[in-house]
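Notes follow the structure.
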Number of protein chains: 2
Amino acid sequence: MNKRADIVAGAAGAFEIDGFRGVGVDKVLAPSGASTRTLYKHFGSKDALVLAVLEERHRRFRERLEVATGSADAVAALFDTLRHWLEEHGARGCMLLRARAEYSEANEEIVALVRRQKDEFRRMIAARVEATLGRSDHRLATQIWILFEGATAAASVSDLSVVDEAKAAAASLLHAAQGSAS
Amino acid sequence: MNKRADIVAGAAGAFEIDGFRGVGVDKVLAPSGASTRTLYKHFGSKDALVLAVLEERHRRFRERLEVATGSADAVAALFDTLRHWLEEHGARGCMLLRARAEYSEANEEIVALVRRQKDEFRRMIAARVEATLGRSDHRLATQIWILFEGATAAASVSDLSVVDEAKAAAASLLHAAQGSAS
DNA sequence: GGCATTGTAAAGTGATCGTTTTACATATCA
DNA sequence: TGATATGTAAAACGATCACTTTACAATGCC
């Protein structure tokens with residue numbers, strides 16, 4: 001089960017840099033040193049490997065977010081985690097949305113997976129908003145989600161300070177919501 | 001000069017749906033009915049066609065934005081224009097950023113073009129913020145830009161109401177900035 | 001009427017694609 | 001010892017890729 005994880009980890013780096021459709025399996029396998037034989041024994045197809053990479057990517061990011069949940073401001077921690085993530089992985093846009101776009105007509109399974117992942121992410125944000133605000137605010141949660149996705153996208157053509165600006169905007173919206181009702 | 005425009009318009013639709021690296025030139029030329037010979041006479045390479053499509057796409061979107069500039073709230077008009085655009089073209093994420101991601105290591109010319117386009121877009125937003133606020137506010141302009149990119153990205157895995165939420169968030173941030181100083 | 005220009009049709013270029021196959025090495029364990 | 005599992009190396013599969021070439025039709029301009 002170790003080689004399988006090596007392949008997924010190595011493939012994630014290749015897909016991150018070259019995209020999905022634009023890179024061949026040989027290049028995807030180069031980081032892990034696995035043979036094409038091993039790839040197809042484990043996954044059956046390149047598309048199935050893409051699915052495994054997306055699941056692993058989402059799982060790791062969710063893990064990171066959960067570690068930072070203990071902090072005082074759960075919403076601000078969201079953006080701090082994003083910034084650290086982008087510093088480590090590079091800012092090339094959300095890998096999940098990039099996969100969705102490249103496979104939007106070619107593989108509906110990938111489209112469905114990303115949709116589920118983003119739905120789950122939105123619920124996590126809504127929970128943090130509710131914990132901070134003392135009440136649920138679906139619209140505010142959506143706005144903070146938009147800021148998060150926007151910062152991720154914008155960072156690919158800007159510097160990482162956009163993440164801090166998104167964080168400040170989220171704080172401002174949260175403050176306005178706290179003032180309006182309790 | 002007419003066939004060239006036909007090719008660009010048809011190719012834009014194909015790239016929108018299938019991505020850039022994942023679609024062959026035959027499929028890209030199908031909507032315009034042009035032959036590969038004509039493609040290479042006009043553009044010289046597939047990558048050059050991609051550049052032409054991105055330039056045309058940016059030009060058209062900028063045109064749309066300028067038409068709606070006369071309205072009372074120039075910032076809100078930004079998001080109304082985005083919503084109409086997405087209703088017409090479908091919500092699959094910003095084509096410019098998608099191209100940037102797919103070609104981030106393969107074609108630096110495309111990366112540079114998209115960077116310039118987004119810089120120009122940010123300046124346009126900053127000008128609208130200044131016109132609305134009566135003073136320049138660079139940070140607020142960045143936050144509204146993030147909301148715009150976020151709404152574009154989020155709409156690909158949600159419904160178009162996220163654009164309205166982004167618009168409301170922008171209005172809230174603008175209102176807070178108007179209150180703090182004049 | 002001659003002559004670029006601009007286009008299509010269609011075959012062919014070598015390279016690369018995702019995937020399969022054959023052959024063989026190593027390790028575990030009954 | 002011998003079977004099973006798990007891996008690499010490397011060649012080969014047909015399909016498709018971006019791109020080129022040859023051949024020919026229609027257009028408009030001098």
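The shown structure was predicted, so the numbers you read here are calculated from the model rather than taken from an experiment.
- A straight line from CZ of A/Phe43 to C1' of C/dT20 spans 18 Å, rounded to a whole angstrom.
- Using cut-offs of 30° and 60° for the angle between ring planes, the B/Phe148 and B/Phe79 rings count as tilted.
- A donor-acceptor pair is defined here as one N or O able to donate and one able to accept, closer than 3.5 Å; such a pair exists between the side chain of A/Gln143 and the backbone of B/Glu165.
- Judged by distance alone with a 3.5 Å cut-off, a donor-acceptor contact links the side chain of A/Arg37 to the base of C/dT22.
- C/dG18 atom C1' lies 11 Å from atom OH of A/Tyr103, rounded to whole Å.
- Comparing atom distances between the A/Tyr40 side chain and each of D/dC19, C/dG18, C/dT8 picks out C/dG18 as nearest.
- Note on B/Val23: only backbone sugar-phosphate atoms sit closer than 4.0 angstrom, heavy atoms only; bases stay farther off.
- Put simply, the side chain of A/Thr36 and the base of C/dT20 share a donor and an acceptor less than 3.5 Å apart.
- The side chain of A/Val25 has C/dT19 as its nearest neighbour among C/dT19, D/dG7, C/dT8.
- In this structure, A/Arg4 places its CZ atom 18 Å from P of D/dA5, rounding to the nearest Å.
- Distance, A/Phe15 CZ to C/dG18 C1': 12 Å, rounded to whole Å.
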Practice task
Mind running salt bridge (Lys or Arg N to Asp or Glu O under 4.0 Å) on B/Arg4 and B/Glu56 for me, showing each step along the way?
Solution key: CA-CA 12 Å; B/Arg4 189 193 149 100; B/Glu56 175 70 3; over 6 Å; no
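- The phosphate of C/dT6 has neither OP1 nor OP2 within less than 4.0 Å of any side-chain N or O from B/His42.
- The main-chain N or O of B/Ile17 is found under 3.5 Å from a side-chain atom of A/Ser104 such that the two form a donor-acceptor pair.
- Residues B/Tyr40 and B/Val25 meet the side-chain proximity criterion, which asks for heavy atoms closer than 4.5 Å.
- A donor-acceptor pair shorter than 3.5 Å cannot be found between the side chains of A/Ser45 and A/Asp47.
- Within the 4.5 Å cutoff, the side chain of A/Val129 has heavy atoms near those of the A/Ile125 side chain.
- Recorded end-axis angle for the helix from C/dT19-D/dA12 to C/dA30-D/dT1 stands at 0°, based on five pairs per end and rounded to 10 degrees.
- The side-chain heavy atoms of B/Val50 and B/Tyr103, taken from C-beta on, include a pair separated by under 4.5 Å.
- Considering only side-chain N and O atoms, B/Lys27 lies nowhere under 4.0 angstrom from the phosphate OP1 or OP2 of D/dC17.
- Residue B/Ser45 has its side chain nearest to D/dC19 when only D/dC19, D/dT8, C/dT19 are considered.
- What separates NZ of B/Lys3 from P of D/dA26 is a distance of 16 Å, to the nearest Å.
- For A/Thr38 against D/dT8, no side-chain N or O and base N or O form a donor-acceptor pair under 3.5 Å.
- If you measure from atom CG of B/Asp6 to atom C1' of C/dT6, you get 13 Å, rounded to the nearest angstrom.
- In terms of modelled atom types and a separation under 3.5 Å, the side chain of B/Thr142 and the main chain of B/His138 share a donor-acceptor contact.
- Between the CG atom of A/Asp26 and the P atom of D/dC17 there is a distance of 18 Å, rounded to whole Å.
- Atom CZ in A/Arg21 sits roughly 13 Å away from atom P in D/dT16 (whole-Å rounding).
- Of the residues in residues 46-54 of chain A, not one places a heavy atom less than 4.0 Å from an atom of DNA chain D.
- Side chain of A/Glu102 to main chain of A/Phe20: a donor-acceptor pair is present (N/O by atom type, distance under 3.5 Å, no hydrogens or angles).
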